[in-house]
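The structure appears right after this line, and notes come after that.
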Amino acid sequence: MAEKSAVSNPPEDGGEKNERAESSSPEHKFSVPKREITSPMHMGKWQKSQAHRDYMGFVLTLNEAVKGKSRTCECHISEPTEKLLGILDTLDGWVDETPPVEQPQRFGNKAYRTWFQRLEENVESLVQPLLPEKYHTAAPEIAVYLREGVGNKTRIDYGTGHEAAFTAFLCCLFKLRIFTEKDMLALVFRVFHRYLEVMRKLQTVYRMEPAGSQGVWGLDDFQFLPFLWGSSQLMNHPTIEPKHFPQLDTVQQHHTEYMFLDCIRFINTMKTGPFAEHSHTLWGISGVPYWGKVNSGLIKMYKAEVLNKFPVIQHFLFGSLLSIQPA
């Protein structure tokens with residue numbers, strides 16, 4: 001059985017105070033997030049932090065919400081969800097307006113830096129309309145996670161650390177109750193899926209490098225969470241077992257319904273040769289007998305290979321909503 005965890009939310013106005021959680025009163029001081037983990041010796045500080053507890057709790061809450069559900073199922077679409085989808089549509093449109101430039105290098109097209117600079121200059125104004133007026137002062141803090149969630153403009157790369165930053169962006173909005181439990185399905189099936197589409201477009205148009213890729217020994221060059229949440233979706237499926245996902249006909253038939261299969265489809269479009277060779281770890285997962293075991297295994301793997309790796313977490317940023325203070 002997959003483990004569960006809770007996310008600490010700020011108390012409502014006039015509610016009981018919690019010294020570690022942010023207060024929703026006007027006295028709360030938002031802060032621009034910054035790096036705190038600058039040495040491998042600091043990893044214990046991260047693992048005991050409120051940020052770690054809240055972030056992993058949010059990931060597991062979403063994991064539970066999508067269990068056994070198709071991406072095409074009906075879900076509540078709130079006004080903030082519509083606004084956030086609009087932001088992602090804007091980022092997508094900017095790619096069309098910033099075509100790749102001619103350059104000798106095959107990878108890392110420098111037009112990405114122009115696209116990224118446009119996001120840097122506009123990110124706070126994009127985020128602020130998501131927030132009620134009492135939280136407008138939170139925009140500089142929350143916007144940082146959106147900016148960090150789309151890759152690195154210097155290296156022109158993208159990986160699971162950037163994916164974690166975007167998830168932290170969603171977590172911050174959840175902690176401020178911009179999103180509630182009613183929005184959980186839409187956050188995965190609409191928002192995160194749209195984010196994946198934008199990231200795949202950036203990766204293909206600007207030939208972004210994988211950040212910290214483990215090659216054939218990693219789960220995937222760029223993503224992790226859609227595999228984790230996607231395995232939860234497939235739990236107790238009447239016909240699709242883990243052994244079926246390497247099969248092209250299964251992927252073609254069901255990729256619009258299940259994130260895991262959609263990720264496999266994308267890998268198949270980007271890589272050639274036998275699946276067992278270019279995606280060794282995934283091929284191994286196809287031998288697991290049932291999806292519940294795949295899901296629990298991916299949760300452990302996410303903690304070990306992403307959240308407990310200093311090369312990833314050294315770039316994680318901490319503010320007032322995702323705090324480095326002990327949980």
Side-chain angles (χ1 to χ4, degrees), residues 6-10 12 22 24 30 54-95 119 122-150 162-202 223 225-226 228-230 232-233 255-260 262-263 321-322:
V7 187
S8 70
N9 276 74
E12 298 285 5
E22 60 287 354
S24 55
F30 294 100
D54 287 347
Y55 177 86
M56 197 62 209
F58 183 65
V59 167
L60 294 175
T61 298
L62 294 172
N63 186 65
E64 192 67 23
V66 302
K67 187 180 289 182
K69 294 184 175 71
S70 162
R71 203 179 65 75
T72 55
C73 73
E74 284 190 26
C75 60
H76 172 71
I77 306 291
S78 63
E79 185 180 347
T81 299
E82 295 278 17
K83 287 180 177 178
L84 185 43
L85 289 170
I87 291 171
L88 293 168
D89 288 344
T90 297
L91 300 187
D92 188 303
W94 287 353
V95 179
L119 173 60
N122 293 280
V123 68
E124 283 185 35
S125 61
L126 286 172
V127 167
Q128 195 171 71
L130 284 171
L131 308 173
E133 190 174 347
K134 67 176 179 177
Y135 289 143
H136 278 185
T137 54
E141 176 168 344
I142 296 173
V144 166
Y145 294 107
L146 177 58
R147 184 196 71 203
E148 294 297 305
V150 297
H162 303 106
E163 177 189 68
F166 182 79
T167 309
F169 168 66
L170 299 180
C171 184
C172 287
L173 293 169
F174 181 70
K175 284 178 67 99
L176 289 181
R177 294 194 177 91
I178 309 304
F179 295 115
T180 68
E181 284 76 9
K182 289 193 295 186
D183 297 301
M184 296 291 97
L185 281 181
L187 284 181
V188 179
F189 290 162
R190 302 293 189 272
V191 173
F192 198 85
H193 177 74
R194 186 72 183 103
Y195 165 73
L196 275 182
E197 289 179 332
V198 175
M199 291 317 308
R200 289 167 179 167
K201 187 169 181 176
L202 288 170
Q223 311 293 158
L225 289 173
L228 195 160
W229 294 329
S232 180
Q233 275 188 278
H255 73 88
T256 58
E257 301 168 78
Y258 298 103
M259 299 180 85
F260 196 107
D262 189 48
C263 288
L321 293 171
L322 289 170

Show the numbers, then the answer: is there a side-chain contact (heavy atoms from CB on, under 4.5 Å) between Asp183 and Phe174? CA-CA 9 Å; Asp183 297 301; Phe174 181 70; over 6 Å; no

Nearest heavy-atom neighbours spanning [X] and [Y]:
X	Y	value
Lys175	Leu321	CE-O, 2.9 Å
Pro140	Thr137	CD-O, 3.4 Å
Pro226	Leu196	CB-CD1, 3.8 Å
Leu176	Ala138	CD1-CB, 4.1 Å

With side-chain contact (heavy atoms from CB on, under 4.5 Å) as the criterion, how do Ile178 and Tyr135 come out once you've worked through the C-alpha distance, each side chain's angles and the decisive distance to 0.1 Å? CA-CA 10 Å; Ile178 309 304; Tyr135 289 143; 4.3 Å; yes

Give a yes or no on whether the backbone of [Y] and the side-chain of [X] come within a donor-acceptor separation of less than 3.5 Å.
X	Y	value
Thr81	Ile77	no
Glu163	Gln223	no
Arg71	Tyr258	no
Thr180	Arg177	no
His136	Leu131	yes
Ser232	Asn63	yes
Gln233	Glu257	yes
Tyr195	Val188	no

Could you give me the CA-CA distance, side-chain angles and deciding distance for Ile142 and Glu124, then say whether side-chain contact (heavy atoms from CB on, under 4.5 Å) is met? CA-CA 8 Å; Ile142 296 173; Glu124 283 185 35; over 6 Å; no

Is any side-chain heavy atom of [X] closer than 4.5 Å to a side-chain heavy atom of [Y]?
X	Y	value
Arg190	Leu185	no
Cys73	Phe189	yes
Ser78	Lys182	no
Leu84	Phe179	yes
Tyr145	Thr167	no
Val144	Arg147	yes
Leu322	Cys171	yes

Could you tell me whether Phe58 and Tyr55 have their ring centroids closer than 6.0 angstrom? no

Start with the C-alpha distance between Arg194 and Asp89, add both sets of side-chain angles, then the distance that settles salt bridge (charged side-chain N to carboxylate O under 4.0 Å, His left out), and finish with yes or no. CA-CA 8 Å; Arg194 186 72 183 103; Asp89 288 344; 2.8 Å; yes

Under 4.0 Å between a Lys/Arg side-chain N and an Asp/Glu carboxylate O for Arg200 and Glu197? no

For a side-chain contact (heavy atoms from CB on, under 4.5 Å) check, start with the C-alpha distance between Phe192 and Leu62, then their side-chain angles and the critical distance, and finish with the verdict. CA-CA 11 Å; Phe192 198 85; Leu62 294 172; over 6 Å; no

